[in-house]
Amino acid sequence: DAKTTQPNSMESNEEEPVHLPCNHSTISGTDYIHWYRQLPSQGPEYVIHGLTSNVNNRMASLAIAEDRKSSTLILHRATLRDAAVYYCSTNFGNEKLTFGTGTRLTIIP
Amino acid sequence: SQTIHQWPATLVQPVGSPLSLECTVEGTSNPNLYWYRQAAGRGLQLLFYSVGIGQISSEVPQNLSASRPQDRQFILSSKKLLLSDSGFYLCAWSRLGYGYTFGSGTRLTVV
């Protein structure tokens, strides 16, 4: 199965943009790229997903590399409520998502 | 709107006891359903997924099983719990091309 790799942790200052990277070098052409975030003792929350083009929603933006082997989740203006573990995943073409260990994002006031 | 219900929120069970966790989805039909487990401080491990009634795929061999008796009901079971079954169990649903929606989870402690 293809794998995603993310940095274990990142820090960012409050009210600044955050760029969370993810590598998915073995992604296939029909696989979607998903991002979720998880607060302690809660289920993961959907953030955004995309296939080839960059995507924007009220929570974040997703920038997908032209070769689709990497992507970046962009939080435009981080708040303390954005502190969470962020998971990048791909669905391997059959709607079955597997998750890595994610990136723990710390927001510094 | 679609919602997902998962219960109980917490559970403490002795080793060797049976387990039954239930998940139901409202507001959609024929969803894909999933059971994940998260050990303390770890990532999410896919245990089972189902694309329809009675159709279960197992990702990890273990003493857990899953069933889907109705379109929007997914059950995780065990006949005899092990200490290693402790963890945070999450149910999720999805439809093709859409993101996953997770339940609030069940924290299981096997003692």
Side-chain angles (χ1 to χ4, degrees), chain A residues 1-9 20 22 24 29-53 55-62 64 71 73 84-105, chain B residues 1-11 21 23 25 28 30-52 55-60 66 74 86-109:
Chain A
D1 283 346
K3 287 184 177 180
T4 60
T5 56
Q6 301 174 253
N8 289 332
S9 62
L20 296 165
C22 179
H24 28 79
T30 57
D31 295 345
Y32 282 82
I33 300 159
H34 293 245
W35 283 84
Y36 295 79
R37 69 182 185 184
Q38 187 178 24
L39 297 172
S41 299
Q42 295 186 24
E45 174 189 28
Y46 167 82
V47 177
I48 200 166
H49 79 293
L51 185 61
T52 55
S53 303
V55 184
N56 300 292
N57 66 21
R58 64 176 179 81
M59 291 180 70
S61 296
L62 175 60
I64 301 172
S71 62
L73 179 71
V85 177
Y86 286 79
Y87 295 98
C88 164
S89 55
T90 61
N91 73 339
F92 311 115
N94 65 353
E95 288 301 309
K96 183 181 64 174
L97 282 179
T98 58
F99 294 82
T101 53
T103 297
R104 182 173 300 277
L105 176 64
Chain B
S1 63
Q2 301 92 356
T3 57
I4 180 168
H5 302 281
Q6 190 179 343
W7 66 92
T10 59
L11 192 59
L21 301 180
C23 171
V25 179
T28 187
N30 197 30
N32 292 341
L33 296 172
Y34 311 85
W35 278 111
Y36 286 86
R37 178 172 63 195
Q38 188 172 37
R42 306 289 293 275
L44 294 156
Q45 178 187 35
L46 178 63
L47 301 176
F48 301 95
Y49 72 98
S50 171
V51 298
Q55 300 179 60
I56 309 294
S57 295
S58 174
E59 291 297 300
V60 183
F74 206 22
S86 294
F88 191 42
Y89 288 82
L90 290 152
C91 180
W93 76 272
S94 75
R95 288 204 337 257
L96 183 65
Y98 291 82
Y100 280 32
T101 300
F102 284 83
S104 53
T106 295
R107 186 161 304 281
L108 172 67
T109 303

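Letters A, B, ... are given to chains in the order of the sequence lines, protein chains preceding strands, and every chain is numbered from 1.
For Ser89(A), no part lies under 4.5 angstrom from a heavy atom of chain B. In this structure, no portion of Glu45(A) lies under 4.5 Å from any heavy atom of chain B. Heavy atoms closer than 4.5 Å to chain A are found in the side chain of Arg107(B), but not in its backbone.
Defined by atom type and a distance below 3.5 Å, a donor-acceptor pair is present between the side-chain atoms of His34(A) and Tyr36(A).
For Gln45(B), the side-chain hydrogen bond (donor to acceptor under 3.5 Å, both in side chains) test picks out Arg37(B), with sequence neighbours left out. The ring pair (Phe, Tyr, Trp, His ring centres under 6.0 Å) check on Tyr36(B) picks up Phe99(A), Phe102(B), with sequence neighbours excluded.
Listed for the Glu59(B) side chain is no donor-acceptor partner under 3.5 Å among the backbone atoms of Leu46(B).
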